[in-house]
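Remember, it's a predicted structure, so these values are computed and weren't measured experimentally. Counting from 1, the numbers follow the sequence of the chain as shown.
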Amino acid sequence: MVTNEKPGGSLRRNALSVRHIVFFVVAAAAPLAVVVGVTPYAFAFGNGSGVPLTFIVVGALYLLFAVGYTAMSSHMGSAVSFYPYIARGLGKRTGVGSAFASLAAYAAVELMAMSLFGIYFSDSVQQWTGLHIPWLASCLLLNVVVTVAAMRNIEFSGKALGVFMICEVAVLGLLAVAILLAGGGPDGITLHGFGPGALTGGSGGLGVALVFIVSAFIGFEATAIFGQEARNPKKAVPAATYIAVLVIAGFYALCTWTISLDYGPSNIAGAAEANFTGLYQDAIRVHLGGGLFVLVLQVLMLTSLLACVLSFHNTINRYLWVIGRERVISPRFARTHDKHQSPHFAGGVQFVAIAGMVALFAALGFDPTSVVGWCSAFTAMGILIMQILVSVSVVRFFAADHRGVSPWRRSIAPTLSAITLFACLMLMVQHVDFVSGSESPIVMAFPLFVIALIVAGYIFATVLKHRRPKIYDQLGAELTTQTAREPLVES
């Protein structure tokens, strides 16, 4: 018998400040891993010294997205980002479909970061001790650590992520300051990378650079995921969203600008192509000293990836918690820990699923670098598709009732956001081989896989409507605040 009572337990209330939420989001962005591991490819294959300006442009694009996203957030009470927005704007069934696709995209980015951790951890242990540890064993070890940490109260994860993030930012910030104090590189301190032609320069231009740089912002929308655990979520979620975008864009622009100064704006593309993995390490040896800081960089690279996996593990747990509460999946996923009020059942299932997927990749003989490339490409395109749907949903949501929201916030900004995000998606599809490291037809079909997941969720919800109408009718109870109980769109 279906009752109005929601299954499972509640999440921990009033636990997270704006600062904690920003820590989750920026940690998910993995500053050190992105700066050290990703930006050299943007320099080499993208628009060279124009990379810092590209970070600012993409940051502005996501600030545009945040206008409509935060305008709608005051009407949301869910612990999940994309699901409620799309459900409220485009209908319950499309919302369920987006939940399926979002889960797949976030699972892919968790697998990507975990595989990258496996590579770095195994290489570091071998370098330090001479022992060889298979990347699979490193991944499974990380999976255990992250699962145990996520089963603690949410403040524990927030504090841990904050410590990791501060350490990452400190090292990269010290390098940036050291370069500036040294007077830059061969051309001195110059704003050449921010000039009119910077965006379209380089060997691949803006299109290729966007492939890497848009991917660096994945996860910033997760601010809304922690709405039920935030203090004063109506203010905390919008504030954390804007702060996270500004911090990510500004810090990445600073780091890439100073490293381009160090090598020289005209030389940075060639230097990056010649030395992808050592671009920043060599600069650290010159400006911050040798062994100690290089060792610190290696350790922080591992903690950066650990923080990224922990953040997305928490994100997926809360997706599963909400759709368990909605009975889209088994209500057991809505169980929470008696003491910590964490979605521990969802975390346990996720632990088994991630371990199984990593083991499957290893059994099939996949190289971990291939797993990283494929998963990052799938995530980037999947999240972009979700963000486009959210922007369209905002316009649809406010179309019938403006709710006192200005035209800029309810229609103009989200419409522009949908258009620009779609343009980024097209560029990413055209250059996906740079992200995935593969020209496989399977990789090229990733956008179709995302759409197929949305369709599968739509069909699932349609069957639910006809076979279990009481459960279907209750969908959305987790999607509204106490002061906004409007019915969801049915289509």
(Q) Would you say that Leu61 contacts Cys424 through its side chain, given a criterion of any heavy-atom pair below 4.5 Å between the two side chains? (A) yes

Q) Any side-chain heavy atom of Phe117 sitting closer than 4.5 Å to one from Cys139? A) no

Q. Are any side-chain N or O atoms of Arg410 and backbone N or O atoms of Val405, one a donor and one an acceptor, separated by less than 3.5 Å?
A. yes

Q | ring-ring contact (aromatic ring centres under 6.0 Å, His included) partner of Tyr85, chosen from Phe397, Tyr69, Phe398 | A | Tyr69

Q | Atom pair CD1 (Ile442) and CZ (Phe449), whose distance is rounded to the nearest 0.5 Å | A | 6.0 Å

Q | Ser304 to Pro31 - nearest heavy-atom pair and separation | A | OG-N, 4.2 Å

Q. Does atom CZ of Phe422 have more than 12 heavy-atom neighbours, drawn from other residues, nucleotides or ligands, at distances under 6.0 Å?
A. no

Q. How many angstroms lie between atom CG of Leu175 and atom SG of Cys255, to the nearest 0.5 angstrom?
A. 7.5 Å

**Q.** Residue pair Leu421 / Tyr62, side-chain heavy-atom distance below 4.5 Å
**A.** yes

Q. Which atom names give the shortest non-hydrogen contact between Met386 and Val450, and what distance separates them?
A. CE-CG1, 4.2 Å

Q) For the side chain of Ser393 and the backbone of Leu389, is there at least one donor-acceptor N/O pair under 3.5 Å apart? A) yes

Q.
Is any side-chain heavy atom of Ile119 closer than 4.5 Å to one of Val372?
A. yes

Q: Please lay out, stage by stage, how Gln350 and Glu110 fare under the test side chain to side chain contact (heavy atoms under 4.5 Å, CB included).
A: CA-CA 11 Å; Gln350 187 186 170; Glu110 187 176 350; 2.4 Å; yes

Q: Kindly write out the residues that satisfy side-chain contact (heavy atoms from CB on, under 4.5 Å) with Leu246, not counting sequence neighbours, or none if the list is empty.
A: Leu63

**Q.** Nearest heavy-atom neighbours spanning Thr241 and Ala66
**A.** CG2-CB, 3.8 Å

Q: Provide the closest heavy-atom pair for Phe251 versus Gly173 in the form atom of the first, atom of the second, distance.
A: CZ-N, 4.2 Å

Q) Do Val245 and Phe65 have side chains that get closer than 4.5 Å, going by heavy atoms? A) no

Q) Between CG of Leu464 and OH of Tyr472, what distance do you get to the nearest 0.5 Å? A) 8.5 Å

Q.
Against Ile316, only a single residue in Val349, Leu103, Ile354 fulfils side chain to side chain contact (heavy atoms under 4.5 Å, CB included); can you say which?
A. Leu103

Q. Is it true that a side-chain atom of Thr379 and a backbone atom of Ala105 form a donor plus acceptor pair closer than 3.5 Å?
A. yes

Q: List the steps and the verdict of side chain to side chain contact (heavy atoms under 4.5 Å, CB included) for Phe333 and Ile323.
A: CA-CA 8 Å; Phe333 283 89; Ile323 60 178; over 6 Å; no

Q. Distance from Ile259 atom CD1 to Ile179 atom CD1, nearest 0.5 Å?
A. 4.5 Å

**Q.** Full working for side chain to side chain contact (heavy atoms under 4.5 Å, CB included) between Met381 and Val429
**A.** CA-CA 8 Å; Met381 289 186 282; Val429 170; 3.8 Å; yes

Q) Rounded to the nearest 0.5 Å, how far does OG of Ser98 lie from OH of Tyr458? A) 13.0 Å

Q.
Can you confirm if the aromatic rings of Tyr83 and Tyr319 lie within a centre distance of less than 6.0 Å?
A. no

**Q.** Atom of Ala149, atom of Leu310 and distance for their closest heavy-atom approach
**A.** CB-CD1, 4.0 Å

Q: Could you tell me whether the side chain of His313 reaches within less than 4.5 Å of the side chain of Thr147, counting heavy atoms only?
A: yes

(Q) Pair Leu425, Val214 - check side chain to side chain contact (heavy atoms under 4.5 Å, CB included), show working. (A) CA-CA 9 Å; Leu425 177 63; Val214 168; over 6 Å; no

Q. Does one side chain, of Thr39 or Tyr280, offer a donor that lies under 3.5 Å from an acceptor on the other?
A. yes

Q. When rounded to the nearest 0.5 angstrom, what distance separates CG in Leu300 from OG1 in Thr303?
A. 4.5 Å

Q: Considering non-hydrogen atoms only, spot the tightest contact between Ala253 and Ile56 and give its length.
A: CB-CG1, 3.9 Å

(Q) Does the plane of the ring in Trp374 sit parallel, tilted or perpendicular to the ring in Phe366? Use 30° and 60° as the thresholds. (A) perpendicular

Q) Quick one: are Thr256 and Phe55 in side-chain contact, heavy atoms under 4.5 Å? A) yes

Q | Side chain proximity check, Thr190 to Pro265, heavy atoms < 4.5 angstrom | A | yes

Q. With a 6.0 Å cut-off on ring centres, are Phe100 and Phe460 close enough?
A. yes

